[in-house]
Amino acid sequence: MAVATATQPGSKHNVQVARQAYYDKISKFHMAPLWEVLKDLVTPEPKTDCRPALWKFSDVKRLMLEAGDVISAEEAERRVLVLENPGETGNARITHSLFAGIQLILPGEIADVHQHVSSAIRFVLEGEGAYTAVEGEKTMMSHGDFIITANWAPHDHGNPGKQPVMWLDVLDMPTVNHFQASFASHFDEKMQKTNHADGDSFDRYASGVLPDGAPAHLNRSPVINYPYAKMRPILERLKKTGDIDKRHGARVRYANPINGGPVLPTMGAHLALLPKGFKGEPYRSTDGTIFAVAEGGGTTIIDGKPFEWGVNDVFVVPPWKRYFHNAAAESVLFSISDRPAQEALGIWREGN
Ligand code: 1HN
């Protein structure tokens, strides 16, 4: 009986050697064998480097205030600490598609006006007295306010108040850079001229009327600030009438009042109230999701591991990892993800 050895034609070893020689040859023509990598490219379930992670506000605040001693807002352009996903260290992202960071602006500081293709949202964590100016509207920032800065919208921030102000920034920058479509520009002046009063865009577009002649199609919301003071009572109404989703709690979706769609084409956000003692049912979806705690305290089990959270903590759930929330106290969770982008492309899925 013939025994295959390393020297026989047709042996496993010879096949490997012949294939490698072939791969080396085709590589000179900038070609490669799909069959060697197919299983890693077309996975039966989502594959991600993103890991579940949580940032305690007590750490974030202490370290962020130290950054105030190290660099001024002007020198930094934006004094932001990147929340780096531990599975994507060095890549300046919290999920594969989204950037998240914490920004600090100290009393007396301004952050100059600029614009870029990346859309941004801000969710205000702590402090009063700072403003952001977006597309001619200057809006004061308070805890829980959800502020959008759409693609190419000029924006600058300032703090004429007395307290340090911190907020969560989330940008679709990794998505824009995936398409290699980034542009940015600066203005000669440090602050933009603002002729729209605080709350102007909310009152104009989100009061059941629209300015006559407003566009019927707009792929981003014209509202700059969705104030927490206006959103919080709506959650209370949902709670009172028992409109509580078994997975998400009493939840609203931040909407574009022009068409009911998401606030931005690349990012969508929700605000959810979890009643005290809420024990959520498991949920998973293909959009890796960033949570910020507006109120309360509880635990979210992500992929079998508990993450305990309190006010202003930020945590992230990777794509398709199963999670459920337990609320020790009545809690309010803000969340944001790339779901609108995935839905537009027809690739978003959810499950339990
Ligand atoms: C940016 O422009 C801001 O305008 C914040 O406040 C964070 C992160 C990456 C790129 C641009 C801001 C940012 C950013």
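Numbering of ligands and ligand atoms starts at 1, following listing order.
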Practice item. Using a strict cut-off of 4.0 Å, indicate which atoms of ligand 1 neighbour a heavy atom of Q103. Key: 5 (C), 6 (O), 12 (C)
Point to revise | No-hydrogen, no-angle side-chain donor-acceptor test under 3.5 Å, W320 and T48 | key: no
Exercise for review: Please state whether the rings of F146 and Y226 are parallel, tilted or perpendicular, taking 30° and 60° as the class boundaries.
Suggested key: tilted
Review point. Is the closest N or O pair between D169 and ligand 1 shorter than 3.5 Å?
Key: no
Practice item. Assess the side chains of E308 and T299: does a donor N or O sit below 3.5 Å from an acceptor N or O? Key: no
Exercise for review: Would you please indicate if the ring centroids of Y283 and H248 are separated by under 6.0 Å?
Suggested key: yes
Check your understanding: Would you call H157 a ligand 1 contact, heavy-atom distance under 4.0 Å?
Key -> yes
Check your understanding: Quick check, are the ring centers of Y323 and F291 under 6.0 angstrom apart?
Key -> yes
Check your understanding: Do the side-chain N and O atoms of E88 and N91 include a donor-acceptor pair separated by under 3.5 angstrom?
Key -> yes
Exercise for review: Around atom 4 (O) of ligand 1, find the nearest protein heavy atom and jot down its residue, atom name and distance.
Suggested key: R78 NE, 2.7 Å
Review point. Can you find an N or O of H155 that's nearer than 3.5 Å to an N or O of ligand 1?
Key: yes
Study note, to complete from the structure: The protein heavy atom nearest to atom 1 (C) of ligand 1 is H116 NE2, 3.8 Å
**Study point:** Nearest neighbour in protein (non-hydrogen) for atom 14 (C) of ligand 1
**Key:** L171 CD2, 3.8 Å
Check your understanding: Hydrophobic clusters join Ile, Leu, Val, Met, Phe, Trp and Tyr when side-chain heavy atoms are under 4.5 Å apart, directly or via other members; which others share one with V82?
Key -> V80, F99, L171, M173
Revision key, fill the gap. Within 4.0 Å of some non-hydrogen atom of F99, the atoms of ligand 1 are 8 (C)
Revision key, fill the gap. Closest to atom 9 (C) of ligand 1 by heavy-atom distance, out of M173, Q115, E77, is M173
